[in-house]
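A quick write-up on the structure given underneath.
Proteins come first, then strands; the chains are lettered A, B, ... in the order of their sequence lines, and each starts at number 1.
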There are 2 protein chains.
Amino acid sequence: MDDPCHVASGLGDRHQLRFSELKNGIEGITQRMLTLTLRNLERDGLLIRHYFPEVPPRVEYQLTEMGASMLPALEGFTSWIRQNWPRIEECRKRYDSR
Amino acid sequence: MDDPCHVASGLGDRHQLRFSELKNGIEGITQRMLTLTLRNLERDGLLIRHYFPEVPPRVEYQLTEMGASMLPALEGFTSWIRQNWPRIEECRKRYDSR
DNA sequence: CGGAATCCTTCTCGATACTG
DNA sequence: CAGTATCGAGAAGGATTCCG
């Protein structure tokens, strides 16, 4: 892992997000990896995929209740990471230059 | 991931653990993987490796202050996983049998 | 005891091309 | 637009052997 701090931010607080919105919101992710990740989250019951058979097609993703309940549970850890990441990077530099 | 619930438990509340104690406490881990994982945690500044040049050699691992501070931050997420894991497994089964 | 080194197989993932 | 299919390089990781 290089930088754990790419949370899909700046996307407002809407509850449905299109594939392209997610892709644009997560820097550096490839289409393939986003597709696979969304499939796994769907398989785990953490999100629901809404497919609209229009032209062009539209797909919107939405957290399930369980998926939404995970966010606050994860919050403590993510904030710990945000606070300690610089220090971890320092430790790595020091460890590597020895 | 298959079962996220192997926390090294039943090892008491000592603050120093030997390599073999960790290995025995984490079911299914290989020597190689434990070594690599401990090296990475040490590199990140999350634990300290104490080497005692005896015969036979003894190595003890101990969390740093930062490492110890991560545990409570992680607690919310791990307890969420323990609570929701059965449901996630159900969802996976249902998804896979379609 | 606690590794390091090596081999070898499997998995991961990006890149690319194609499609309903 | 939101995928699927395929290929190939590289990483991950188990098994085994050797070592201070």
Side-chain angles (χ1 to χ4, degrees), chain A residues 1-8 10-12 14-64 67 88-89 91-92 95-98, chain B residues 1-8 10-12 14-64 67 88 92 95-98:
Chain A
M1 184 176 13
D2 202 23
D3 182 353
C5 298
H6 31 231
V7 183
L11 292 171
R14 287 163 47 227
H15 290 179
Q16 318 260 135
L17 289 174
R18 300 191 57 169
F19 184 87
S20 50
E21 291 176 305
L22 289 165
K23 177 146 172 33
N24 294 331
I26 304 172
E27 185 186 318
I29 200 168
T30 61
Q31 186 186 46
R32 174 187 157 84
M33 281 311 297
L34 182 56
T35 299
L36 289 176
T37 302
L38 290 170
R39 284 287 180 284
N40 281 322
L41 291 173
E42 187 191 6
R43 183 170 99 104
D44 290 350
L46 297 172
L47 59 78
I48 300 173
R49 180 176 183 270
H50 298 285
Y51 175 73
F52 301 92
E54 307 167 355
V55 180
R58 176 167 53 103
V59 179
E60 296 196 345
Y61 294 91
Q62 166 186 216
L63 289 177
T64 61
I88 289 178
E89 282 186 315
C91 290
R92 288 184 177 177
Y95 186 94
D96 291 342
S97 63
R98 274 190 326 139
Chain B
M1 182 176 17
D2 201 22
D3 182 352
C5 298
H6 31 230
V7 183
L11 291 171
R14 288 160 49 226
H15 289 180
Q16 317 260 136
L17 290 174
R18 301 192 55 170
F19 183 87
S20 49
E21 291 176 305
L22 290 166
K23 176 148 171 35
N24 294 331
I26 304 172
E27 185 187 320
I29 199 168
T30 61
Q31 186 185 50
R32 175 186 157 84
M33 279 313 296
L34 183 56
T35 299
L36 289 176
T37 302
L38 290 170
R39 284 289 180 283
N40 281 322
L41 291 172
E42 187 191 6
R43 185 171 97 103
D44 290 351
L46 297 172
L47 60 76
I48 300 172
R49 180 175 181 268
H50 298 284
Y51 174 72
F52 301 92
E54 307 165 355
V55 180
R58 175 167 55 102
V59 179
E60 295 196 344
Y61 293 91
Q62 166 187 214
L63 289 177
T64 61
I88 290 178
R92 289 184 177 177
Y95 186 94
D96 291 341
S97 63
R98 274 191 323 141

task: Establish, with yes or no, whether the OP1 or OP2 oxygen of D/dT4 is under 4.0 angstrom from a side-chain nitrogen or oxygen of A/Arg32.
output: no

- prompt: Looking at B/Thr35, does any N or O in its side chain come under 4.0 Å of the phosphate oxygens OP1/OP2 on C/dG3?
  reply: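 B/Thr35 to C/dG3 OP1/OP2: no side-chain N or O under 4.0 Å.
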
- request: Show your reasoning for whether side chain to side chain contact (heavy atoms under 4.5 Å, CB included) applies to B/Tyr95 and A/Asp44.
  value: CA-CA 8 Å; B/Tyr95 186 94; A/Asp44 290 350; over 6 Å; no

Nearest-angstrom distance from the residue atom [atom1] of [X] to [atom2] of [N]:
X       : N      : atom1 : atom2 : value
B/Ile29 : D/dA12 : CD1   : P     : 15 Å
A/Lys23 : C/dG14 : NZ    : C1'   : 11 Å
A/Leu17 : D/dC1  : CG    : P     : 16 Å
A/Leu38 : D/dG3  : CG    : P     : 7 Å
A/Glu60 : D/dG3  : CD    : P     : 12 Å
B/Leu34 : C/dA4  : CG    : P     : 11 Å
A/Glu27 : C/dG14 : CD    : P     : 14 Å
A/Ile26 : D/dA2  : CD1   : C1'   : 15 Å

statement: The reported gap from CG in B/Leu47 to CG in B/Leu63 (rounded to nearest 0.5 angstrom) is 6.5 Å

field: Between CG on residue B/Leu17 and CG on residue B/Asn24, distance to nearest 0.5 Å
entry: 11.0 Å

task: For B/Arg58 and for A/Leu36, find the nucleotide of DNA chain C with the closest heavy atom, then tell me which residue's nucleotide is more 5'.
output: B/Arg58

query: Start at the 5' end of DNA chain C and walk down; is the nucleotide closest to B/Arg39 or to A/Tyr51 reached first?
result: B/Arg39

Given [options], identify the nucleotide with an atom nearest to the side chain of [X].
X       : options               : result
B/Arg18 : D/dG3, C/dG2, C/dA15  : C/dG2
B/Ser20 : C/dG2, C/dC13, D/dA15 : C/dG2
A/Thr30 : C/dC1, C/dG3, C/dA15  : C/dA15
A/Gln31 : D/dA2, D/dG14, C/dG3  : D/dA2

query: Just checking B/Phe52: base, sugar-phosphate only, or nothing, at a heavy-atom cut-off of under 4.0 Å?
result: nothing

query: Within the structure shown, what part of the strands sits under 4.0 Å from A/Glu54 by heavy-atom distance: base, sugar-phosphate, or nothing?
result: nothing

query: Taking for each residue the nucleotide of DNA chain D with the nearest heavy atom, is it B/Met33 or A/Pro57 whose nucleotide lies nearer the 5' end?
result: A/Pro57

- prompt: Do you know which two heavy atoms are closest between B/Gln31 and B/Lys23, and how far apart they sit?
  reply: N-CE, 4.0 Å

query: Is it true that B/Arg58 and B/Glu60 have a side-chain N and a carboxylate O under 4.0 angstrom from each other?
result: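 Looking at B/Arg58 and B/Glu60, the cut-off is met.
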
